[in-house]
Amino acid sequence: MRRFVKNEAIAPAIDAFLNLKTTDFQVYDKQLTEQERRALNFISRAISLQSEDHLALALSTHQPMVDVDRLLIRLTEIKSGTVFLQKLIAGGLDINQIVTIEGHRSLVRQPLAFPAGLYTVYDHTMFKQAVAAGLNLSYTTELQRSDRFLETDEINSLDIVLLLTNEQPLTGDSLLLFEHRTTVGLAERLQRGQFESLRPVIDYGRYDISFRYAKHFPLFYAIVGRQVEQFPRLLEDALKHPKHQEIVEDSLLAFHNYQPGLEASLGTDYYERLLVMGTRLKSEARVDFNDIDDQYVLTEYMEIVQRLRR
């Protein structure tokens with residue numbers, strides 16, 4: 001077995017970097033292997049210190065840019081993130097470098113591959129910088145369908161952002177920079193309860209009201225997720241669409257859908273919100289709940305439907 005030998009240059013390299021001893025750092029850096037340089041991740045250390053001097057030293061010695069996705073997320077969380085981003089881009093950061101995140105970092109529990117620069121969307125100024133630097137917002141990829149084995153849906157850049165587990169809100173100005181409206185991303189978010197960015201996505205019209213995802217339109221998923229705050233605008237948009245009758249009829253199938261996890265978090269509101277949305281369907285979409293066959297209504301919702309039939 002080969003004996004492990006620690007590189008004695010590691011400790012002095014770290015010390016020289018932290019204390020900005022440029023000449024010493026350059027000497028010790030040359031004694032490090034590429035694997036060691038990646039592990040030490042001096043660019044990330046500079047960002048953590050929020051020090052332009054440390055970043056300049058790291059870039060001047062051509063340190064590798066490791067975990068670019070996490071690096072960009074960190075930049076959106078600090079005050080001087082835009083300054084650091086500009087320096088990183090000038091230093092060779094490829095904002096279109098494709099990163100692949102593990103399934104636990106996406107709502108759909110599937111790995112997602114996309115340009116790392118999409119993570120700048122959580123800071124509008126940084127996002128504009130990334131777009132100006134050539135961020136590919138026309139990027140699309142495929143997502144395995146949950147309802148059909150071996151079939152996929154195409155998802156775009158805005159879909160990807162909505163499918164990430166990050167909960168930072170998006171601004172309307174940033175949403176308007178995307179080339180495509182969301183389809184799959186909105187459907188997944190609507191059925192999962194409250195999400196702050198739903199409001200600007202809907203208010204700015206950055207979604208497709210007539211897109212079917214796993215056989216259903218967005219209005220259906222809004223009822224499933226009890227999106228009582230977003231429902232009025234979604235219904236308004238649906239009623240303006242040529243397929244409005246089909247969209248409304250599809251939404252009624254939500255009265256045969258039950259989400260135990262959401263009920264546990266909302267309590268009695270889980271049922272009250274269904275009544276509120278049903279009342280809007282009755283008054284604004286002219287839905288007659290007397291025409292709905294009882295077989296399409298879960299026992300848990302029968303009392304609500306009976307109230308809507310009066």
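- If you look at F127 and F178, their ring centroids are closer than 6.0 Å.
- With ring centers used as reference points, F25 lies under 6.0 Å from F42.
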Legend entry - CA sep, side-chain torsions, deciding dist, call: K240, E236, salt bridge (Lys or Arg N to Asp or Glu O under 4.0 Å): CA-CA 7 Å; K240 293 176 182 177; E236 178 184 342; 3.1 Å; yes
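- A cation-pi arrangement is present between R189 and F195, with the terminal nitrogen or guanidinium carbon under 6.0 Å from the aromatic centre and inside a 45° cone about the axis.
- A salt bridge is absent between K215 and D250; no separation between the charged side-chain nitrogens and carboxylate oxygens falls under 4.0 Å.
- The CG atom of L234 lies 11.0 Å from the CZ atom of R280; values are rounded to the nearest 0.5 Å.
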Inset, instruction - List the steps and the verdict of salt bridge (Lys or Arg N to Asp or Glu O under 4.0 Å) for E246 and K243. - result: CA-CA 5 Å; E246 186 180 354; K243 293 184 178 179; 5.0 Å; no
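- A distance-only check finds a donor-acceptor pair linking the side chain of D159 to the backbone of N156 [under 3.5 Å].
- Put simply, the side chain of Q110 never gets that close to the backbone of S106: no donor and acceptor are under 3.5 Å apart.
- For the atom pair NE2 of H180 and CZ of R206, the computed distance is 10.0 Å after rounding to the nearest 0.5 Å.
- A salt bridge links D29 to R37: one of the charged nitrogens lies within less than 4.0 Å of a carboxylate oxygen.
- For R45 (side chain) and L40 (main-chain N/O), a donor-acceptor pair under 3.5 Å exists by modelled atom type.
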Legend entry - Pair F220-Y213, ring pair (Phe, Tyr, Trp, His ring centres under 6.0 Å): steps then yes or no: CA-CA 10 Å; F220 165 87; Y213 175 57; over 10 Å; no
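- Salt bridge annotation for R309-D294: present, with a cationic side-chain nitrogen under 4.0 angstrom from a carboxylate oxygen.
- Heavy atoms only, all atoms of each residue included: E263 and Y271 are closest at OE2-OH, 2.7 Å.
- Ion pairing between a basic and an acidic side chain is recognised when a charged N comes within 4.0 Å of a carboxylate O; D123 and K128 show no such pairing.
- Checking Y28 against D15 by side-chain atom types alone, no donor-acceptor pair falls below 3.5 Å.
- Side chains of D288 and N290: a donor-acceptor N/O pair is present below 3.5 angstrom, by distance only.
- Formation of a donor-acceptor pair under 3.5 Å by the K282 side chain with backbone atoms of L308 is found in this model.
- Side-chain atoms of N96 come within 3.5 Å of backbone N or O of N136 as a donor-acceptor pair.
- Using a distance-only test at 3.5 Å, with no hydrogens or angles considered, no donor-acceptor pair links the side chain of E188 to the main chain of G185.
- Within 6.0 Å of the CD atom in Q35, the count of heavy atoms belonging to other residues, nucleotides or ligands does not exceed 12.
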